[in-house]
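Residue numbers begin at 1 in each chain, while the letters A, B, ... track the order of the sequences.
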Protein chains: 2
Amino acid sequence: MIRLSKLSDYGIAMLTALVRHEGGQRSASELAEATGVPAAMASKVLKQLCRAGLLESCRGAKGGYGLARPASSVTVAEIIEALDGPIALTACIEAGSGECVIETLCPARGNWQRINEAIRGALAGITLADMAETVPEAFLLPGERHDAATVIANLPEAG
Amino acid sequence: MIRLSKLSDYGIAMLTALVRHEGGQRSASELAEATGVPAAMASKVLKQLCRAGLLESCRGAKGGYGLARPASSVTVAEIIEALDGPIALTACIEAGSGECVIETLCPARGNWQRINEAIRGALAGITLADMAETVPEAFLLPGERHDAATVIANLPEAG
DNA sequence: TCAAAGGGGACCTGATCGGTCCTGATTGAT
DNA sequence: ATCAATCAGGACCGATCAGGTCCCCTTTGA
């Protein structure tokens, strides 16, 4: 269904939580608790975001993670790419723009290219700051996950 | 990676083949051979496209499938939706527009909505006729699959 | 020196996807 | 009337992989 992976879902949830709290660094366990993401998982996600350069880490006691750049300059596309790899519907474009040898011959070439770019564009148009804007907290029991998937699961009616 | 499923990949390949041949109906096995998709798989995909109303079938001997509507009015979005279900990154939107009870509260609401719509828009902007336009046939050994994934696999260099 | 963190993997497991098969209905041809 | 080709609709299966857990090491403030 062209679904977002949990990894990205969690990543966005945790980054959003980090932005909201806006107090510099927070530890993995804090963020895990804040979002309801399992601690081990949270750690995994944060490490990956760190390697991608979206987060900065402080090791040692009292360590934690902080945004490497202002939230308004971090796009959803970047987050997804950091966690799930390149955004592309077809293997075609995955190698990176220009890498595809038959770029001039590929059957659907221009079209898939267009599609992929449109999708990437859509995701690049939303910043982390945008995502952090709307703060509901409704329908969330304490300690419950704040990722998109589970927020939905807590609804009174909707599946 | 937000990747397209094989089902959709095959579906687009076969529909494209059907459009190119432009001679009314073609049997499942013919289309399977034309695209290199395994026969059983092809049949599965075609049945699904038929149920979705994108294809019309004639049963019995000499039967086959034909487009239910002109190629220029069939969008890639429709094909994907027919085979893979609703196009949505988050479970949120899957229920269909308006079904989400917390639509007005959901954390990322407007943003995810925007993202999903942008993606769907991109896919809805490409018609089957567009996809059938560019006809390469290059790099394809006879009997080999014509879906995006295997076309790439046959390239001289690119992964 | 110790405990609280992050760093980097290995590893397990269950859901899902890609694919096959089987058992009917239909219908043109003989 | 019968047969073979073809679609209809599932059931089923195996391999892959995403989601998740663990472990051990390094760093660093107290």
Difference in axis direction between the ends of the helix from C:dT1-D:dA30 to C:dT30-D:dA1, five pairs, 10°: 0°
Restricting to pairs with a member in residues 119-128 of chain B, which pass salt bridge (charged side-chain N to carboxylate O under 4.0 Å, His left out), not counting sequence neighbours? B:Glu81-B:Arg120
At under 4.0 Å, does any side-chain N or O of B:Tyr10 touch on OP1 or OP2 of C:dG18? no
Quick one: side chain to side chain donor-acceptor pair (under 3.5 Å) pairs with a partner in residues 53-70 of chain A, sequence neighbours left out? A:Arg69-A:Glu78
Could you pull out all residues at least two apart from B:Ser29 that satisfy side chain to side chain donor-acceptor pair (under 3.5 Å)? B:Ser27
Which residues pass the side chain to side chain donor-acceptor pair (under 3.5 Å) test with A:Ser72, sequence neighbours left out? none
If the condition is side chain to side chain donor-acceptor pair (under 3.5 Å), which residues does B:Thr127 pass it with, not counting sequence neighbours? B:Asp130
Salt bridge (charged side-chain N to carboxylate O under 4.0 Å, His left out) pairs touching residues 45-55 of chain A, sequence neighbours excluded, are none
Near-strand residues of residues 51-58 of chain B, defined as heavy-atom separation under 4.0 angstrom from DNA chain D: B:Arg51, B:Ser57, B:Cys58
Hits for side chain to side chain donor-acceptor pair (under 3.5 Å) against B:Ser8, two or more places apart or cross-chain, chain-then-number order -> B:Asp84
Mark up nucleotides 20-30 of chain C, 5' to 3', with B wherever a protein heavy atom is under 4.0 angstrom from a base atom, S wherever such an atom reaches only the sugar-phosphate, and - elsewhere. B---BBBBS--
Are any of A:Tyr65's side-chain N or O atoms less than 4.0 Å away from OP1 or OP2 of C:dA5? no
